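Note that this is a predicted model, so its numbers are computed, not measured. Each chain gets a letter, A, B and so on, in the order the sequences are listed, and its residues count up from 1.
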Amino acid sequence: MPELPEVESTRRGIRPHVLGRVVDQVLVREPRLRWLVTDDVVGRPRGQRVEGVERRGKYLLLQFPGDALMVHLGMSGSLRILNGWRPPGPHDHVDLVFEDGRLLRYTDPRRFGSMHWIPGPDLVHPLLDPLGPEPMSEAFSGGWMHRRSRGRRASVKSFIMDARTVVGVGNIYATEALFRAGIHPARAAGRIGAERYRRLAQAIRQVLSEAIAAGGTTLRDFVDGSGRPGYFRQDLRVYGRAGEPCRTCGSPIRQLRIGQRASCYCARCQR
DNA sequence: CCGGACGCCTGTCGGC
DNA sequence: TGCCGACAGGCGTCCG
């Protein structure tokens with residue numbers, strides 16, 4: 001499910017409901033996520049107040065005094081605020097129960113997500129360590145991509161989906177950004193010039209901003225912290241539109257596979 | 001170092 | 001109707 005806009009929509013949805021609340025207990029019904037949920041996730045948050053709800057790439061960070069809880073939604077994960085106890089469904093793996101009876105419930109049918117306790121205030125974790133720049137930060141630019149891509153023969157689509165290049169860009173938004181920038185997804189990253197990378201950086205920022213404003217993209221089951229779907233699906237120009245006419249030029253949208261992922265593009269608009 | 005394939009899971013959908 | 005393969009929003013790991 002979730003790329004940066006969906007994670008950010010989740011962050012904004014849950015933040016007002018969890019900020020300042022004190023954790024009463026953490027219930028882990030199924031610890032077998034992408035990585036085994038360890039005992040510190042169950043034991044350490046108890047009695048602690050949530051002091052911040054942040055995001056780094058596709059990771060959500062619940063900040064406690066001195067420590068943090070790091071959550072990844074994988075392919076099919078979501079977090080929901082419940083105002084009171086409700087019986088959990090088969091994929092409701094973790095509950096953070098607050099002292100006032102509200103809870104934050106983690107649901108993830110495919111269990112590709114994860115939950116880690118990060119001791120200490122500095123957000124040091126091996127999964128965060130290799131991450132590249134945030135797309136909205138100054139550190140991310142066409143120049144950065146251009147320099148980093150010299151000599152690379154991998155496709156530009158794989159290149160921008162690599163979190164070391166830029167965080168938060170998954171299959172949907174890589175596909176959409178390349179369409180907006182007029183770049184063919186299979187083109188070798190190292191054979192794209194500085195000016196086109198400037199356009200691509202702008203396209204990535206633009207498509208992510210618009211998607212956040214729409215509450216993200218719901219393909220099947222994504223909902224934000226309040227249970228609302230995202231409405232960016234109707235604004236997708238190429239993703240999931242193979243065989244349909246290009247909204248710009250009318251020629252049929254084509255699809256190929258890059259790195260085991262479907263890649264839709266317009267052969268006329270993207271070179 | 002780089003690039004590509006694999007595997008982890010469950011649910012859904014299309015074709016036969 | 002039922003079965004079976006393909007596919008799905010991610011990403012660490014392994015291999016050549």
Side-chain angles (χ1 to χ4, degrees), chain A residues 1-11 29-37 55-60 70-79 89-94 106-116 125-132 147-178 185-191 204 207-208 211-212 214-224 229-236 238-243 255-264:
Chain A
M1 128 194 7
E3 303 181 36
L4 189 147
E6 292 74 38
V7 178
E8 179 64 18
S9 296
T10 299
R11 186 185 78 82
R29 283 177 288 269
E30 174 55 87
R32 295 174 301 167
L33 304 184
R34 177 71 165 84
W35 284 278
L36 205 63
V37 178
R55 180 190 57 73
R56 176 75 178 100
K58 298 174 189 170
Y59 291 95
L60 277 168
M70 177 172 74
V71 180
H72 197 288
L73 301 177
M75 282 283 252
S76 57
S78 58
L79 283 169
H91 305 303
D92 295 339
H93 305 311
V94 180
Y106 175 83
T107 304
D108 186 2
R110 293 177 73 180
R111 291 191 274 121
F112 288 172
S114 65
M115 217 171 276
H116 286 96
H125 193 279
L127 291 170
L128 298 178
D129 198 46
L131 295 184
R147 286 190 300 279
R148 184 179 149 73
S149 62
R150 291 311 86 188
R152 300 288 196 89
R153 281 179 292 186
S155 70
V156 61
K157 179 161 180 261
S158 301
F159 176 70
I160 61 172
M161 287 176 69
D162 182 342
R164 293 168 298 185
T165 302
V166 58
V167 294
V169 178
N171 201 30
I172 294 178
Y173 300 110
T175 297
E176 292 295 306
L178 288 166
R187 176 171 287 275
R191 301 190 56 197
I204 288 171
V207 73
L208 294 177
I212 291 169
T217 301
T218 296
L219 293 181
R220 35 197 316 141
D221 51 16
F222 170 75
V223 289
D224 71 10
Y231 296 101
F232 195 68
R233 188 177 187 176
Q234 62 200 45
D235 298 310
L236 297 176
V238 277
Y239 181 90
R241 298 191 63 243
Q255 178 172 321
L256 49 76
R257 293 192 80 76
I258 296 172
Q260 330 291 83
R261 318 294 296 275
S263 299
C264 297

Hey, is the side chain of [X] poking within less than 4.0 Å of OP1 or OP2 on [N], counting only N and O atoms?
X: A:Q260; N: B:dG4; answer: no
X: A:R220; N: C:dG9; answer: no
X: A:Y59; N: C:dG10; answer: no
X: A:K58; N: C:dG9; answer: no
X: A:R152; N: B:dC1; answer: no
X: A:R257; N: C:dA8; answer: yes
X: A:H91; N: B:dC9; answer: no
X: A:R261; N: C:dG9; answer: yes

State which of [options] makes the closest approach to the side chain of [X].
X: A:L127; options: C:dG12, B:dT10, B:dG4; answer: C:dG12
X: A:E6; options: C:dG9, B:dC8, B:dG3; answer: C:dG9
X: A:F112; options: C:dC7, C:dG9, C:dG10; answer: C:dG10
X: A:F222; options: C:dG9, C:dG12, C:dG10; answer: C:dG9
X: A:P2; options: C:dG10, B:dT10, B:dG3; answer: C:dG10

Notebook entry, point to check: With rounding to whole Å, what would you report as the distance between C:dG9 and B:dG3 at their C1' atoms?
Noted result: 23 Å
Notebook entry, point to check: With rounding to whole Å, what would you report as the distance between B:dT12 and C:dC11 at their C1' atoms?
Noted result: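 Comparing C1' positions in B:dT12 and C:dC11 gives a spacing of 23 Å.
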Check: So which nucleotide does B:dC9 pair with, by the Watson-Crick or G-U wobble rule with both distances under 3.5 Å?
Finding: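 Checking every strand shown, B:dC9 finds no partner, since no pair has both distances under 3.5 Å.
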Margin query: Strictly by Watson-Crick or wobble contacts shorter than 3.5 Å, is anything paired with C:dC4, and which nucleotide is it?
Written below: B:dG14
Item checked: Student check: side-chain heavy atoms of A:L219 and A:T217 closer than 4.5 Å -> yes
Write down the distance between [atom1] ([X]) and [atom2] ([N]), rounded to a whole number of angstrom.
X: A:L4; N: C:dC11; atom1: CG; atom2: P; value: 11 Å
X: A:R110; N: B:dG7; atom1: CZ; atom2: P; value: 15 Å
X: A:L256; N: C:dC7; atom1: CG; atom2: P; value: 13 Å
X: A:R111; N: B:dG7; atom1: CZ; atom2: P; value: 18 Å
X: A:L131; N: C:dC11; atom1: CG; atom2: P; value: 9 Å
X: A:L128; N: C:dG12; atom1: CG; atom2: C1'; value: 14 Å
X: A:M161; N: B:dA5; atom1: CE; atom2: P; value: 14 Å
X: A:R164; N: C:dG12; atom1: CZ; atom2: C1'; value: 11 Å

Margin query: Regarding A:Y239, tell me which of base, sugar-phosphate or nothing describes its non-hydrogen contacts under 4.0 Å with the strands shown.
Written below: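 Sugar-phosphate only.
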Note to self: Given A:Y59, which partner from the list A:V167, A:V71, A:L127 fulfils the side chain to side chain contact (heavy atoms under 4.5 Å, CB included) test?
What the structure shows: A:L127
Check: Hey, are A:D108 and A:R34 close enough for a salt bridge, meaning a charged N less than 4.0 Å from a carboxylate O?
Finding: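 Looking at A:R34 together with A:D108, the answer is no, because their closest N to O distance does not fall below 4.0 Å.
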Checklist line | Contact nearer the 5' end of DNA chain C, comparing A:G259 with A:Q255 | finding: A:Q255
Note to self: Looking at every heavy atom in both A:L33 and A:H93, which two are closest together, and how far apart are they?
What the structure shows: CD2-CD2, 3.9 Å
Notebook entry, point to check: If you take all heavy atoms of A:R29 and A:D92, which pair is closest and at what distance?
Noted result: NE-O, 2.8 Å
